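Side chains included, hydrogens not; waters and symmetry mates left out as well; all remaining heavy atoms used. If you're wondering where the values come from, they're calculated on a predicted model, not measured in any experiment. Chain A is the first sequence line, chain B the second, and so forth, proteins listed ahead of strands; every chain is numbered from 1.
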Amino acid sequence: MGTAKQTGPSSGGRDRPDATASALPVELRSVSKSFAGIKVVSNVSFDIRPGEVHALMGENGAGKSTLIKIMAGLHQADEGEILVNGKAVKFASPKDAHAAGIATVHQELLLFPELTVAENIFLGQTPKTGAGLIDWATMRRKARDLLNSLDSHDLDIDQKVASLSVGNRQRIEIARALAQDARVLIMDEPTAALAEADVQRLMAIVRNLCARGVAIIYVSHRMPEIFALANRVTVLRDGQHVGTRPVTEVDEAKLVSMMVGRSIDRLYPAKQGTDGDVILELKDVSHNRVVRNVSLALRRGEILGLAGLVGSGRTETALTIFGITPATSGEILIDGKVTPIASPEAARDLGIAYVPEDRGQQGLIKAQTIEENIALANLKRLMRGFFVDARRVTDEAAKAIARFGIRARGPKQVVRQLSGGNQQKVVLGKWLATNPRILIMDEPTRGIDVGAKAEIHLLMRKLAGEGMAILMISSELPEVLGMSDRVLVMSGGTVTAEFTKAEATAEAVGAEMTRTRTPEIAA
Amino acid sequence: MMSARLLRHETILAVLTVIALFVLAMLSDKFFTGENLLNQGRLMSEVGLVALAMTFVIVTGGIDLSVGSILGLTAILLGVFWKYLGLPLPAAIVLAMACGTFAGWVNGWIITRFNVPPLIATLATLALYRGLAEGISEARSVRGYPEWFFFFGQGEVLGVPFQLWILGIATVIAAVILGLTPFGRATYAIGANEVAARFSGIRVNATKLWIYSAAGFLSALAAVIFVSRVTTTRSDMGTGLELDVITGVVLGGTSIFGGRGTIIGTVLGLILIQALKNGLALSGVKGDGTIVVIGLVLIGAILVGALFDRNRGG
């Protein structure tokens with residue numbers, strides 16, 4: 001259990017603390033949080049009632065995860081206060097949040113694969129015998145009881161966690177939270193990685209917990225779950241609190257419009273020029289089971305948006321086009337000619353550039369300088385004889401810094417020291433220096449501030465206007481709708497719908513994205 | 001190019017080496033003589049050649065523990081090809097070196113093809129190659145090489161030991177490749193962030209295969225020089241060589257996590273270790289004492305390196 005730093009809710013140890021009558025398990029009052037001067041959560045207030053499922057919704061980047069982390073004690077709010085059972089608390093660490101009865105089931109489950117189910121449930125608060133040794137009998141009995149109370153009679157408490165399915169691991173995390181006497185359970189996209197049968201089971205467990213008075217903060221993009229489970233819904237947009245409504249007062253369209261909100265067209269640059277010939281075509285392209293029979297055509301001068309939930313096969317399709325995971329069946333045509341692409345090197349030499357989703361891991365070598373990063377994809381071009389021409393490397397970087405307005409001390413600055421937006425411009429600079437004809441941008445503006453975002457959007461439009469074919473993947477619906485000339489929606493590894501610019505409304509695309517496709521997901 | 005900040009470790013090392021040479025010269029009048037220094041160079045050459053390749057290996061974030069075993073295997077094959085198969089000695093040398101290079105390629109193949117961590121892969125081949133060497137030799141040593149063969153390990157050109165010329169030329173080539181060519185850029189990129197290197201169109205696997213093959217080749221070259229120097233082939237040759245090599249490279253400022261390191265640093269590291277070994281021995285320090293001093297110098301160098309790491313922006 002650890003020592004409780006707060007007074008009040010945690011002092012009861014294993015015995016359920018005596019919640020004072022009307023007190024709310026958690027209440028947020030005007031909570032704000034900034035990172036590097038960017039306000040990611042701004043003045044958010046809402047409360048959680050005992051035994052309710054409170055859905056937290058919003059697009060990526062709306063501030064949900066930051067808010068969750070504040071409640072879980074991973075981040076500290078800059079302004080505002082958190083009340084637990086009516087008393088203001090300050091969480092310095094996740095331990096403090098646990099002590100106050102707030103537990104989190106994370107998206108990436110944090111279990112120890114080599115320990116047994118029972119050991120995982122009681123990790124950090126193992127029952128001890130008088131001699132200070134582990135009281136195995138008590139631990140196993142309590143673990144059994146907890147799992148039984150979650151209708152998980154089938155889970156073997158002596159099994160190693162490594163051999164269990166995601167759904168089972170999640171149940172263990174929930175049991176662990178209950179073992180800590182959690183009265184508020186935060187679930188971050190709990191069904192994102194679950195098969196349909198497990199989703200049903202999880203929903204039953206959630207209802208069971210509520211009946212016992214545990215409050216659930218439920219983060220999910222999936223509309224059917226929200227309407228099946230939630231009592232109330234809180235929607236965030238750009239860090240702002242848009243509203244909290246009983247679920248009976250809203251419908252799907254209403255929620256989508258609350259999440260998307262602003263009038264989008266105004267914010268995004270208008271199309272320049274007209275579309276040219278088809279430059280890239282995919283015919284029934286598959287890669288193992290993650291990309292399934294994807295067919296699409298990309299024209300010069302066009303921005304084609306690829307929408308879909310995380311795991312729907314968007315990034316996987318891009319990786320297949322770029323040769324990281326070459327196609328296992330189907331044909332890729334460039335300029336109408338069948339062109340197998342076996343490696344990123346081959347893709348680059350064909351004029352394909354890929355600005356990846358994970359900037360820090362895939363896009364950049366953060367420990368190296370701007371010029372080293374920009375040169376990396378262009379080494380062949382920057383040679384004199386057998387050697388890398390150091391002066392041209394520096395010139396190339398200086399050009400990119402000027403062209404994209406990268407705010408840096410110079411070409412020799414280490415990339416790690418730049419802000420997210422400027423790092424993204426370095427990645428773009430690296431790839432545009434290869435003179436590509438096809439540009440794939442995966443989450444082009446994820447995690448970067450509004451100003452840099454607008455600059456990147458403007459640049460994308462300009463490039464398309466100059467005849468570049470751009471395939472854009474984005475989880476932000478407004479970006480997809482605002483930037484794309486056409487929108488494809490992916491789900492279960494394949495393209496499920498196509499919208500023209502005129503047809504692509506937030507409601508239509510959003511509905512297509514969140515439509516649960518039971519057979520595909522369960523497969 | 002690898003900007004001034006990276007040269008700081010090398011600068012400190014150079015100063016340290018000069019101080020060591022100075023102090024050792026004070027301690028023993030036999031140390032700082034031309035004859036002794038050239039002789040030390042001769043002794044350093046085998047470790048030095050392998051260390052050049054090891055610098056590349058460690059800059060990619062890898063390690064090669066099998067270099068000593070490759071040296072032993074090549075030495076045995078050289079003797080067996082010549083003495084028991086009756087090949088002409090030049091052909092035996094070329095063939096044995098080809099086998100050593102192939103052994104290095106196999107390391108690279110296992111590492112890239114099956115994604116085995118280099119530590120594990122080369123730990124396995126360390127045993128495998130040494131076992132092969134012992135099996136093939138059947139505990140026989142080979143001696144009686146013709147006189148001309150001893151030139152590689154004992155001869156001199158312009159008053160400088162032959163193998164020191166080889167080491168010098170190899171050092172320049174390695175420094176140019178690592179510092180100035182796209183291959184060198186790729187080597188650093190792979191060590192600093194392999195995924196990003198791949199996503200930039202760098203041929204990660206091909207680069208690694210070349211590097212591990214080069215480690216095999218230079219180990220084989222060192223084997224020929226070693227056999228020539230000691231005139232005999234035995235199956236336990238090169239045992240523990242990998243530790244001397246890695247010590248030199250790491251002392252030279254190459255990060256064991258990859259992404260950083262220079263050939264100059266490695267050469268300085270090797271000189272410092274060899275100077276300490278010889279100088280302390282000449283000053284009457286016993287063998288154990290010398291090892292302790294080398295251990296302390298290594299720890300000191302790593303601490304200094306870590307200090308710079310922290311100061312670097314980020």
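Only the side chain of A:Lys430 has a heavy atom closer than 4.5 Å to any heavy atom of chain B. For chain B, the nearby part of A:Phe386 is the backbone; its heavy atoms alone come within less than 4.5 Å. Contact annotation for B:Arg198: both backbone and side-chain heavy atoms come within less than 4.5 Å of a heavy atom of chain A. With a 4.5 Å cut-off on non-hydrogen atoms, A:Val415 does not touch chain B at all. The part of A:Leu364 that comes within reach of chain B is its backbone (N, CA, C, O), which places non-hydrogen atoms under 4.5 angstrom from that chain. Contact of A:Leu418 with chain B is not made at all, since no heavy-atom distance falls under 4.5 Å.
In this structure the side chain of A:Glu396 never reaches within 4.5 angstrom of the side chain of A:Glu371, judged on heavy atoms. Side-chain contact check for B:Glu10 versus B:Thr262: some heavy-atom pair is nearer than 4.5 Å. By the 4.5 Å heavy-atom criterion applied to side chains, A:Leu333 and A:Leu282 are not counted as neighbours.
Using a 30° and 60° split on the angle between ring planes, A:Phe322 and A:Trp431 fall in the perpendicular class, above 60°.
Of the residues considered (A:Leu376, A:Asp389, A:Asn378, A:Leu379), A:Leu376 shows the highest number of contacts with chain B, using heavy-atom pairs under 4.5 Å.
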Apply side chain to side chain donor-acceptor pair (under 3.5 Å) to the pair A:Ser286 and A:Thr328, showing each step before the final yes or no.
-> CA-CA 6 Å; A:Ser286 300; A:Thr328 46; 5.7 Å; no
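For A:Arg392, the CZ atom sits in a packed shell: over 12 heavy atoms of surrounding residues, nucleotides or ligands are nearer than 6.0 Å.
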